[in-house]
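Report on the following structure.
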Number of protein chains: 4
Amino acid sequence: MHFFSDNAAPAHGAVLEALTRANPADAGYDGDALSRSLSGAFSALFGREVAAFWVTTGTAANALALAALTPPHGGVFCHRDAHINCDEAGAPEFYTHGAKLIPLDGPGAKLVPETVRAARAAIARDVHRVQPHALSITNATEYGQVYTPDEIAALAETARAEGLALHMDGARFANAVARLGCHPAECSWRAGVDVLSFGFVKNGGLSAEALIFFDPERAGATRVRIKRAGHLASKGRFQAAQILALLEEERWLENARAANAAADHLGAAAGARLLLPVEANELFVRVTAEEAARLRAQGFGFYDWAEGEIRLVTAWHHRPEDVAPLAAALRAL
Amino acid sequence: MHFFSDNAAPAHGAVLEALTRANPADAGYDGDALSRSLSGAFSALFGREVAAFWVTTGTAANALALAALTPPHGGVFCHRDAHINCDEAGAPEFYTHGAKLIPLDGPGAKLVPETVRAARAAIARDVHRVQPHALSITNATEYGQVYTPDEIAALAETARAEGLALHMDGARFANAVARLGCHPAECSWRAGVDVLSFGFVKNGGLSAEALIFFDPERAGATRVRIKRAGHLASKGRFQAAQILALLEEERWLENARAANAAADHLGAAAGARLLLPVEANELFVRVTAEEAARLRAQGFGFYDWAEGEIRLVTAWHHRPEDVAPLAAALRAL
Amino acid sequence: MHFFSDNAAPAHGAVLEALTRANPADAGYDGDALSRSLSGAFSALFGREVAAFWVTTGTAANALALAALTPPHGGVFCHRDAHINCDEAGAPEFYTHGAKLIPLDGPGAKLVPETVRAARAAIARDVHRVQPHALSITNATEYGQVYTPDEIAALAETARAEGLALHMDGARFANAVARLGCHPAECSWRAGVDVLSFGFVKNGGLSAEALIFFDPERAGATRVRIKRAGHLASKGRFQAAQILALLEEERWLENARAANAAADHLGAAAGARLLLPVEANELFVRVTAEEAARLRAQGFGFYDWAEGEIRLVTAWHHRPEDVAPLAAALRAL
Amino acid sequence: MHFFSDNAAPAHGAVLEALTRANPADAGYDGDALSRSLSGAFSALFGREVAAFWVTTGTAANALALAALTPPHGGVFCHRDAHINCDEAGAPEFYTHGAKLIPLDGPGAKLVPETVRAARAAIARDVHRVQPHALSITNATEYGQVYTPDEIAALAETARAEGLALHMDGARFANAVARLGCHPAECSWRAGVDVLSFGFVKNGGLSAEALIFFDPERAGATRVRIKRAGHLASKGRFQAAQILALLEEERWLENARAANAAADHLGAAAGARLLLPVEANELFVRVTAEEAARLRAQGFGFYDWAEGEIRLVTAWHHRPEDVAPLAAALRAL
């Protein structure tokens, strides 16, 4: 069993079925019935009118969000280890036409208001410095940590005070919501998030992510940017269908709960070896190179993270019996 | 029955089945077995070693191709009515960071060498003028016309003489090959095409197009550009699977033949009303507004093209019995 | 005597003196007294509050103007022979991050409202087409023709009706004003121009052009764009000083009158050989290759323009006695 | 007397005279005799064939250099406090079309090989991470520190080993050379520098900086980029003239020596209050707010740098008698 990434997990059966149901010819691009229902579906989920777009990847969702919030000459505060800063090959810079990501520090890839305020204060408000226009946080973070609604609200208040829009990279938003046990609105717009990249691919989707503007006005030219970036799929109904299938019957939440439970199971086994508490579906575990080799010899797949550390990622399809062998192996180390 | 666009046609059953077969977890991005086999599959098809990439849309394929061939300060010759010039919301300008599309004229959206030579000669070779670096042609064209291998070779010779790389937008490459009855190599690299956007979505695919560099060296940083544009799907196996399913058993060709046959059927019915010969799967037909209304009243869907002209597009799933009613209606006008 | 271009003419003595006067240390960038007085000086000249910036070149002025008026995904209507389209190496595309120049036709490089309206009407208002956001005209044009206030007003009305901002490339604005004999406001903001590139280099300057936003709000992030493009000279007072020296005592107008008068003198000599009426300081003259050679043999410098045509450009420093020999030579042909 | 910045100092008399000498009409852009002699002049200075360009600002020089060395999807290592990272409003990102500046740390704004190696090693060599293509250092640094030829050579060796080109921001290159007492080749190409932004504006120029490619091949499309950025002044002879005037009689070096000597004088007075040794023409001095106020009350102008720190910058025109009063005042604190 592999624990490399939730990126590589299968698509949920309901998603595949939805593709088949969506197959008959319909209007092209985003003119089909499914695509046209997307904003409504997310408005219902979040309890307010939103503008929602399907895109192919989380990278595109994030970059489109930042392009809507930041001019080419602006900057974006984010954590040093943020996916947008480290793992998107410069997509934010591409879509924003050269805005600057300004990396900040914080444990577990989480930011706190003081850090943002200090960084903002250190940038002279003159024409020579790139001025930040947005703050981007990731929930759950790249280290599997979860911001609470209160923590988000505190960052949002700071952002607003400093004139920054707030973007949330929610590649694992579902995992965060599942862990918090709150309404998705509580850890998004009610807490002050302006734009959310809402991940579905890691959570049972095939190729569709959602980009949510809680204030539809903020979306601005996003639809044009999607087209201009070659992301306006001509058979868009297949994109919308995936997301709608995961929204139905709260599958997105059920899937996230399964992934989180699998992580909890492993976390309990890892015990004191954990570098950080298990809050979503990623674990960072202290093992020696010899121990890591032993685990691999038993057929477990995962990435080395740093000297003496490995990363384990669970996914929506991991049942208790799938993770039990690794849990046992961790305990046996 | 609708004849708006082949964009909106269903996906082929084999494509949907391939998605299901591809579902079990595999390596992420383009590291899975299917993605890794893509260049091999196209190398086999074209009879030479090529570099092939899956992307989500034809717009992305075209823009990535041009970005590989043209620096930000360069230009691209294309037909005034080319999809890259008219229908991609500036995607080529986005991906190339501002290269200039230089529109040329020609009947049926086809270019001839004289036009390219004259345009090149009119551009002083100095630092003030944007210098063209590439020539892009579409086969079949936006007006459903097909370049023969000889016509392509003549353009390629001109391009080479003028220092221009040759890109072919092959959103309907399959339709051109089917019409020409030649080997796909004959109307691509053997005729001098450097890079081909090979369309699959219009031809039975769901969300996958192929970008083919006949000289793998030319691909350069294309894989990085794909990632940076948010087009490196994390479950890439679903992209590759679609294309491979259409390559198998020559489904791509069979599908194109069906679309062309449907167009022929309608073309025969349209007779003298045709503005251009039917060479692929698009027809441009002279009808009065009153006649167009009469056709619509009978349940046929299509776009007005210009004053007194409509466009009909057939697709891979149109069986003879699907087009017969419209053919009869056209005859009855 | 050379008639290649007014680009290469000397700087006016008053400009050189102004540099010397500006030499003592002052605040850097645009914080010095001269730079800070620039908007005021142009507000006085134009009779309304404007935002004025110095830049180094007309290319930068034009590109900055268009970047303020057009988003990266937008388009700009301009004449096919416009300097921004033909002679700026893609600077507008660079500064706008890939906006599309949409070339229009018209005699003497002039546009008329019907052409703009027809071009706008031909562009479907959908997400696939690049939507125009601005119209750019040149006065005097690249063919030395002058738009009257009425002609500008008619274009401005069309632009407004179509939602387009109006930019004027006034590299030779002084020549146009001198010819029209009107107040500079009459052929700029009163006629509906939103942004003016006001040329000084061709007209006695050394390295300074002015960029004028008639509505200061329109300037938006222009100052940041200037800095970001490396155009915010650290000793900006030397830039401002040049412009102020030419504004003083209406030297800009006096210089333009001298250039125009020299052109008139040559135009009278060229007579029926003129391709276009002489309205500013450029002449296009029909001469055979043999005649052109004869003129060159007499020491006159100029560019061939097309088969059987030469271009002659006069400049602010051409006194009657400087052009008399060429006038005589033209008469003698 | 002001010590805000060398940016605001006067131009050298020889520079103003050179402008007057350059005034007669010559070929436009960089086609004049002076511009055409520029590469030769720098080739003579550096003892090898170089390609040299004049530009208007150091920001433009740096951004053009980086654009020649780094693709849009690449990265540039630089010090966190580098001018390119902090004070150019994102010009490097603009000219490179979105390359990423990757900030590194080091005292006095200097970098050491270990830091570069560690940063490179931390970046996985995959498609997800922005890959660095260049290393940019500043000499003298933003904190007035000077890299020795050996220190540069060590960084260059590291850069070469890691596949990075080496750019030097030499806004105060003259000050570094003057301090080192070496041949300018020793602390540039002989030490492994590939491209040098050679500053003249801070050192007696008016509006001209030089951009030097030690391998002319590296310049690539730089001339086109200059034009496309609106930096190809139409009367380029005035740009070249300034630089040539400062190269003559080693004025650039003489001026730098004067600035450095003035800084030494102040440094001796500041004594233990200095935060860093005085190696060029910038001093960072510990003073309380009350002391700073006292200095200002005596008519001295300077910037606060941080809590309890001020920055003093001397310039080429500061004679001993100009700095003596401030030196006395510092001693008297």
Side-chain angles (χ1 to χ4, degrees), chain A residues 1-2 4-13 15-16 19-20 22-29 31-32 55-64 87-91 93-95 97 201-202 205-208 223-239 315 317, chain B residues 1-2 4-13 15-16 19-20 22-29 31-32 55-64 87-91 93-95 97 201-202 205-208 223-239 315 317:
Chain A
M1 183 63 58
H2 285 184
F4 286 109
S5 175
D6 37 4
N7 253 349
H12 193 282
V15 165
L16 291 171
L19 294 182
T20 300
N23 200 26
D26 197 344
Y29 304 106
D32 62 282
V55 291
T56 316
T57 63
T59 294
N62 288 338
L64 287 159
D87 297 295
E88 301 189 347
E93 289 90 342
F94 180 44
Y95 277 73
H97 299 289
V201 171
K202 288 174 165 50
L206 184 142
S207 68
R223 194 164 166 259
V224 178
R225 283 193 201 98
I226 287 172
K227 172 69 195 179
R228 180 170 164 87
H231 277 287
L232 191 61
S234 58
K235 298 180 178 175
R237 62 193 186 276
F238 292 119
Q239 292 290 103
H317 68 302
Chain B
M1 183 61 58
H2 285 185
F4 286 109
S5 176
D6 38 3
N7 254 348
H12 194 282
V15 165
L16 291 171
L19 294 182
T20 300
N23 199 26
D26 197 344
Y29 303 108
D32 62 282
V55 290
T56 316
T57 64
T59 294
N62 288 338
L64 287 159
D87 298 296
E88 301 189 347
E93 289 89 341
F94 180 46
Y95 277 75
H97 298 289
V201 170
K202 288 172 164 55
L206 184 142
S207 67
R223 194 164 164 261
V224 178
R225 282 193 202 96
I226 287 172
K227 172 69 196 178
R228 180 170 164 86
H231 277 286
L232 190 63
S234 58
K235 298 181 178 175
R237 61 194 187 273
F238 292 118
Q239 291 291 104
H317 68 304

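All of these numbers come straight from a predicted model, not from anything done at the bench. Naming: A, B, ... by sequence-line order, numbering from 1 per chain.
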Flag side-chain contact, heavy atom, 4.5 Å: A:T59 against B:L232: no

Among the listed options A:A229, A:G13, A:A315, A:A60, the residue most often paired with chain B at heavy-atom distances under 4.5 Å: A:A229

Heavy-atom donor-acceptor pair, A:T57 side chain to B:G230 backbone, under 3.5 Å: yes

Residues forming a side-chain contact (heavy atoms from CB on, under 4.5 Å) with A:A208, sequence neighbours excluded: A:Q239, A:Q242, A:I243

B:R228 side-chain N/O to A:G90 backbone N/O, donor-acceptor pair under 3.5 Å: yes

From A:L16 atom CG to B:F238 atom CZ, the distance as rounded to the nearest 0.5 Å: 6.0 Å

Residue pair A:K227 / B:E88: nearest heavy atoms and the distance that separates them: CE-CA, 3.8 Å

Heavy-atom closest pair, residues A:A9 and B:A25: CA-CB, 4.2 Å

Aromatic ring pairing B:F94/A:H97, orientation class (parallel under 30°, perpendicular over 60°, tilted between): perpendicular

Test side-chain contact (heavy atoms from CB on, under 4.5 Å) applied to A:F4 - qualifying residues, sequence neighbours left out: A:H2, A:Y303

Under 3.5 Å: donor-acceptor pair, side chain of B:N23, backbone of A:P10: no

Under 4.5 Å from a heavy atom of chain A, the part of B:R237 involved: side chain

Structural part of B:T56 lying under 4.5 Å from a heavy atom of chain A: side chain

Portion of B:L206 that has a non-hydrogen atom of chain A nearer than 4.5 angstrom: both

Worked verdict on A:V201 versus B:K235 for side chain to side chain contact (heavy atoms under 4.5 Å, CB included): CA-CA 8 Å; A:V201 171; B:K235 298 181 178 175; 3.8 Å; yes

Interface residue of largest heavy-atom contact number with chain B, from A:G28, A:A233, A:G58, A:A11, under 4.5 Å: A:A11

Closest non-hydrogen atom pair between B:A8 and A:A27, with its separation: CB-C, 4.3 Å

Part of B:D26 within contact of chain A (heavy atom distance under 4.5 Å): backbone

